[in-house]
Chemist: 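Below are the structure tokens for one structure; questions will follow.
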Amino acid sequence: MKRHYALILAALILLMTPVAAAPSPERLASSSGDASVSSREETVYLELNSDGSLREALAVVRLRVDGAGSYSDYGRFSSVTNLTNGLKPVLTADGALWSFPEAYPSLVYQCALQAPVLPFELKIDYTLNGNEASPDKLAGASGEVGLHIELTRTEGILPYFEKQFMIQLQLTFPADSSEVLEAGGSAPVLAGSSRVLTLACMPGQNLVSDIRLRTSGFEMGQASVTMTPYDIAAIIADNMPELDFTALSDGLDQISDGVTELKSGTQALKDGSEELGEGIAASASAARQLKSAASQLSSGMAQINTAMEQYETLFKSYISGGEQFIKLFKSLVDGSAKLSDGVAQLSSGLDTLSENAGKLPEGAQGLIDGEDKLIGAFDELRTALEEATSGLTQESGDAPPPVSFINGSADITSVQFVGIIPAIKIPAAEKTPPPEAEPSSFWDKLTGLFK
């Protein structure tokens, strides 16, 4: 289930990220001819410099030729090399012309591209201890090495390469001599004696990353850049066929409606608490009056008790039931004192209750404000879900169709990009050849057998 949630979240993030529409460059003529070609695949191999700039681009084309005939592959080529057999094309100003004498289940040829415009631009800047550094002088350096990486989509690229392709950059550093201080958004993975950092740039997005290393002798293994199609809708459809966005949307509606009803109930609670507070305040006022009267009663009874004590002797002498009367009266006095204390406690309790009751409306308003925010959040989530549903359930015909990188035509089965960045290595120490042995005489060789 966690994996499902991760895929849903990834889909929402991708579909909610704004993607600027890119104008399409002028397309070259597509492949043509009377040969029967049922499949065309392109893999573009890139040789990059240490700073990410392009040094050379080679496109390897694989054709499935089902019938003999001519085939023109249009593009700006400086050379075309057949990697399958000895058949050679005719190189023209606008491409290569092939004449196929027969069918070929797989014909592979390599094209050197003239001044290609890549769908992405990679830029890597290096620093040593905070200062700019040239990558070719970093090998063996000690201290803190930084890499500032910018991976951007080329302005004006075809929508297919902008919206459908994910780019990955993989960097490798020796684990023994380099410690990763900042991974730049990647998750370092230990592979043997190397630490591997992988950065991903999702379709329609750019990437900026900073990596910092503490090293006792800087080295970097050969880095790789790959750009491949990434269809999140197909991934979700393949991995979660049971996913029902309609039911999820309906559930959000029910939750939102329930929160709205809760808000109405909280408003009623606020109104009732205000009335309760007014009633308790009135009770507290009455209790204070009762407290005053009880206090007066207790005081009066105490005075009478003093007077009664003076006549206690007379009652004992002349009234046979005087002792019982005195005991009864003293009980009455004690009761009046307890009544006064109880009323005082009641008054104090009502004052506290009145004070707290006054806070009830304020607390209820806080609940109402929180519920308003919750309802707003559900509305935003429902809107995002509707957008996600629209994007993820689109038919395949709505997605940008595959196009050739070489000439921009649609007669292509698949295309991908693979690039390499040269390693930065500490030069191996030159070995001193052993001194040449002086020639030995026959006598020396003979006596040497006995040593």
Side-chain angles (χ1 to χ4, degrees), residues 44-58 113 115-157 161-162 165-228 416-430:
V44 183
Y45 293 95
L46 309 172
E47 186 177 353
L48 306 174
N49 296 310
S50 296
D51 62 359
S53 59
L54 179 64
R55 180 183 299 176
E56 186 181 15
L58 297 173
L113 305 178
V117 178
L118 299 181
F120 66 90
E121 181 180 355
L122 175 62
K123 184 180 179 183
I124 306 177
D125 294 321
Y126 299 83
T127 59
L128 177 60
N129 298 323
N131 300 315
E132 244 181 85
S134 174
D136 57 358
K137 295 182 179 180
L138 275 177
S142 297
E144 186 174 303
V145 175
L147 286 78
H148 178 73
I149 300 167
E150 295 183 8
L151 190 56
T152 57
R153 308 273 169 171
T154 304
E155 185 177 355
I157 61 174
F161 295 119
E162 181 183 21
F165 276 68
M166 179 179 71
I167 309 173
Q168 282 191 324
L169 172 63
Q170 191 171 84
L171 305 171
T172 305
F173 304 96
D176 294 338
S177 58
S178 295
E179 176 189 359
V180 179
L181 302 178
E182 184 178 352
S186 67
V189 176
L190 185 64
S193 60
S194 299
R195 192 83 63 184
V196 181
L197 282 68
T198 302
L199 301 171
C201 184
M202 304 306 290
Q205 297 181 349
N206 297 323
L207 173 71
V208 177
S209 176
D210 287 289
I211 293 172
R212 292 189 303 116
L213 308 164
R214 183 186 292 119
T215 176
S216 58
F218 180 74
E219 287 188 308
M220 183 176 78
Q222 179 176 280
S224 65
V225 183
T226 59
M227 183 174 177
T228 55
Q416 60 184 342
F417 299 80
V418 179
I420 58 171
I421 299 172
I424 299 177
K425 292 287 186 183
I426 299 174
E430 295 184 3

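Keep in mind that this is a model prediction, so the values were computed, not measured. The residues of the chain are indexed from 1 along the displayed sequence.
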Chemist: Check whether any side-chain heavy atom of Asp210 lies under 4.5 Å from a side-chain heavy atom of Arg212, and answer yes or no.
Modeler: no
Chemist: Where is the tightest heavy-atom contact between Ser194 and Thr172, given as atom of each residue plus distance?
Modeler: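 Of all heavy-atom pairs spanning Ser194 and Thr172, the closest is CB-CG2, 3.5 Å.
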Chemist: Report the distance from atom CD of Gln416 to atom CZ of Phe165, rounding to the nearest 0.5 Å.
Modeler: 8.5 Å
Chemist: Check whether any side-chain N or O of Arg153 sits under 3.5 Å from a backbone N or O of Asn206 as a donor-acceptor pair, and report yes or no.
Modeler: no
Chemist: Tell me whether Thr154 contacts the main-chain N or O of Phe120 through its side chain, where contact means a donor paired with an acceptor under 3.5 Å.
Modeler: yes
Chemist: Rounded to the nearest 0.5 Å, what's the gap from CE on Met227 to CG on Leu122? Could you check?
Modeler: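 Answer rounded to 0.5 Å: 12.5 Å.
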Chemist: Could you report the tightest heavy-atom contact between Ala183 and Ile211, atom names first, then the distance?
Modeler: O-CG1, 3.8 Å
Chemist: Rounded to the nearest 0.5 Å, how far apart are CD1 of Ile167 and OG1 of Thr226?
Modeler: 9.0 Å
Chemist: For Glu121, does the CD atom sit with more than 12 other heavy atoms under 6.0 Å from it, leaving out its own atoms?
Modeler: no
Chemist: To the closest 0.5 Å, what do you measure between CG (Leu54) and CG (Leu48)?
Modeler: 6.0 Å
Chemist: Of all the heavy-atom pairs spanning Glu219 and Phe173, show the shortest one and how long it is.
Modeler: O-CD2, 3.6 Å
Chemist: Is there side-chain contact between Ile149 and Leu171, with at least one heavy-atom pair below 4.5 Å?
Modeler: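 In contact.
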Chemist: So which atom in Ala139 and which in Lys425 form the shortest heavy-atom distance, rounded to 0.1 Å?
Modeler: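 In this case the closest contact between Ala139 and Lys425 is CB-O, 3.3 Å.
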Chemist: Can you give me the closest heavy-atom contact between Leu128 and Ser142, atom names plus distance?
Modeler: CD1-O, 3.8 Å
Chemist: Just so I know, are the side chains of His148 and Val208 near enough to count as touching, which here means a heavy-atom distance under 4.5 Å?
Modeler: yes
Chemist: Under 3.5 Å, is there a donor-acceptor pair between the side chain of Gln170 and the main chain of Val196?
Modeler: no
Chemist: Do Leu147 and Met220 have side-chain heavy atoms sitting under 4.5 Å apart?
Modeler: yes
Chemist: Are Glu144 and Arg214 packed together at the side-chain level, in the sense that at least one heavy-atom pair is separated by less than 4.5 angstrom?
Modeler: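 Counting from C-beta outward, Glu144 and Arg214 never come under 4.5 Å.
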Chemist: Between Leu46 and Leu118, is there a side-chain heavy-atom distance shorter than 4.5 Å?
Modeler: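 In contact.
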Chemist: Which heavy atom of Asn129 sits nearest a heavy atom of Gly143, and at what distance?
Modeler: OD1-CA, 3.5 Å
Chemist: Is it the case that the side chain of Thr215 and the backbone of Ser177 share a donor-acceptor pair, with hydrogens and angles ignored and the cut-off at 3.5 Å?
Modeler: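 Yes; judged by distance alone, with no hydrogens or angles, the pair exists.
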Chemist: At what distance, to the nearest 0.5 angstrom, does CD1 of Ile424 lie from OH of Tyr126?
Modeler: 4.5 Å
Chemist: Without swapping roles, check the side chain of Asp51 against the backbone of Ser53 for a donor-acceptor pair under 3.5 Å.
Modeler: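 Yes, because the side chain of Asp51 sits within donor-acceptor range (under 3.5 Å) of the backbone of Ser53.
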Chemist: When rounded to the nearest 0.5 angstrom, what distance separates CD in Glu47 from CD1 in Ile421?
Modeler: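 CD1 of Ile421 is found 11.0 Å from CD of Glu47.
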Chemist: Got a donor-acceptor contact below 3.5 angstrom from the Ser209 side chain to the Gly184 backbone?
Modeler: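 Side chain of Ser209 to backbone of Gly184: a pair is present.
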Chemist: Show your working on side-chain contact (heavy atoms from CB on, under 4.5 Å) between Arg195 and Leu190 and close with a plain yes or no.
Modeler: CA-CA 5 Å; Arg195 192 83 63 184; Leu190 185 64; 3.8 Å; yes
